[in-house]
Amino acid sequence: MVTTLKELTPDPKNRRRHTSRNVEMITEAIASVGTGRSIVIDEDDVVLAGNATVKAAGVAGLTKLKVVEAAGDEVIAVRRRGLSSEQKRALAIYDNRTAELAEWDVEQLGEDVDAGLDLGAFFEPVELDE
């Protein structure tokens, strides 16, 4: 079982591109209020969700990793204690704003479509046409 962030493998087909501003803001959030967002890894320690979080955590100097096994039929909640009201608000804003700063990797999505994957559940028809 992995025990450090360095042991994780980034998703080689990540559908999101993380701009430098995006990663910098996540790094700033970690330095300012600590972590609060979980990531998802598979049984081979490949990051399925949270690639930018892993990258930013490394930049912020974090190395420890806590793995929680889950079957997918429960919600995993991360409880943070000891945050001031201002830090709680900042954590919530950082979480939402950093998601907006990432961009779709259109080339990877195009490869998915070319491979026969149906992206209709994720995008409106007009978005797929674009």
Side-chain angles (χ1 to χ4, degrees):
M1 178 186 281
V2 295
T3 58
T4 66
L5 288 171
K6 289 182 181 180
E7 296 173 83
L8 298 175
T9 302
D11 181 355
K13 294 185 177 185
N14 191 8
R15 276 68 179 178
R16 295 287 272 176
R17 286 191 302 222
H18 298 284
T19 64
S20 59
R21 182 170 181 221
N22 178 229
V23 175
E24 288 168 7
M25 186 173 284
I26 296 169
T27 304
E28 179 183 316
I30 291 170
S32 176
V33 297
T35 61
R37 168 68 64 185
S38 61
I39 64 169
V40 179
I41 61 174
D42 70 9
E43 61 277 357
D44 296 317
D45 304 322
V46 175
V47 179
L48 302 177
N51 285 277
T53 299
V54 171
K55 183 175 182 177
V59 173
L62 298 182
T63 59
K64 295 187 291 183
L65 176 69
K66 183 176 190 171
V67 176
V68 176
E69 296 289 335
D73 60 353
E74 61 189 338
V75 175
I76 308 296
V78 175
R79 184 184 312 274
R80 285 291 314 278
R81 296 183 186 273
L83 296 174
S84 68
S85 295
E86 292 80 16
Q87 288 174 313
K88 290 175 184 178
R89 172 68 72 199
L91 190 149
I93 294 171
Y94 275 129
D95 182 67
N96 288 287
R97 181 63 177 138
T98 56
E100 292 176 344
L101 294 174
E103 302 169 346
W104 288 108
D105 185 334
V106 177
E107 289 179 22
Q108 180 59 57
L109 291 171
E111 289 178 24
D112 290 341
V113 170
D114 292 344
L117 297 176
D118 180 6
L119 301 180
F122 312 105
F123 299 95
E124 296 291 326
V126 69
E127 294 171 315
L128 290 172
D129 289 341
E130 292 173 3

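None of the values given here were measured: they were computed from a predicted structure.
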Closer than 4.0 angstrom, basic N to acidic O: yes or no for Glu100 and Arg97?
yes
If a pair satisfies ring pair (Phe, Tyr, Trp, His ring centres under 6.0 Å) and one of its residues is in residues 107-130, list it, with sequence neighbours excluded.
Trp104-Phe123
Are Val47 and Val2 connected in a single hydrophobic cluster, I mean Ile/Leu/Val/Met/Phe/Trp/Tyr linked by side-chain heavy atoms less than 4.5 Å apart?
yes
Under a 3.5 Å distance rule, please check whether Arg16 uses its side chain to pair with a backbone N or O of Asn51 as donor and acceptor.
no
Considering only heavy atoms from C-beta outward, does the side chain of Glu7 approach that of Asp45 to under 4.5 Å?
no
Is any side-chain heavy atom of Asn14 closer than 4.5 Å to a side-chain heavy atom of Asp105?
no
Just verifying a value: how many Å separate Glu130 CD and Leu128 CG, rounded to the nearest 0.5 Å?
9.5 Å
Heavy-atom count around Glu69 CD within 6.0 Å, excluding the residue itself: above 12?
no
Once you round to the nearest 0.5 Å, how far does NZ of Lys6 lie from CG of Leu65?
13.5 Å
Looking only at heavy atoms, what is the nearest atom pair of Ala60 and Ile30, with distance?
CB-CG2, 3.8 Å
Which value, rounded to the nearest 0.5 Å, describes the distance between Leu5 atom CG and Lys64 atom NZ?
11.0 Å
I'd like to know if the side chain of Asp44 reaches the main chain of Val46, judged simply by a donor and an acceptor atom lying under 3.5 Å from each other, with no hydrogens or angles considered.
no
Taking Leu109's backbone N and O only, do any of them form a donor-acceptor pair with Arg15's side chain (distance below 3.5 Å, no angle check)?
no
Interatomic distance, Leu48 atom CG to Ile41 atom CD1 [nearest 0.5 angstrom]:
8.5 Å
Linked hydrophobic residues, Leu101 as query - side chain contacts closer than 4.5 Å
Met25, Val33, Leu83, Leu91, Tyr94
Gln108: partners by side chain to side chain donor-acceptor pair (under 3.5 Å), with sequence neighbours left out:
Asp112
Between the NZ atom in Lys66 and the OG atom in Ser38, the distance rounded to the nearest 0.5 Å is 12.5 Å
Testing the basics here: between Gly82 and Gln87, what is the closest heavy-atom pair and its distance to 0.1 Å?
O-OE1, 4.1 Å
Min side-chain heavy-atom separation Ile76-Glu74 under 4.5 Å:
yes
Side chain proximity check, Leu8 to Ile39, heavy atoms < 4.5 angstrom:
yes
Only one of Thr98, Thr53, Asp95 passes side-chain hydrogen bond (donor to acceptor under 3.5 Å, both in side chains) with Arg37; say which it is.
Asp95
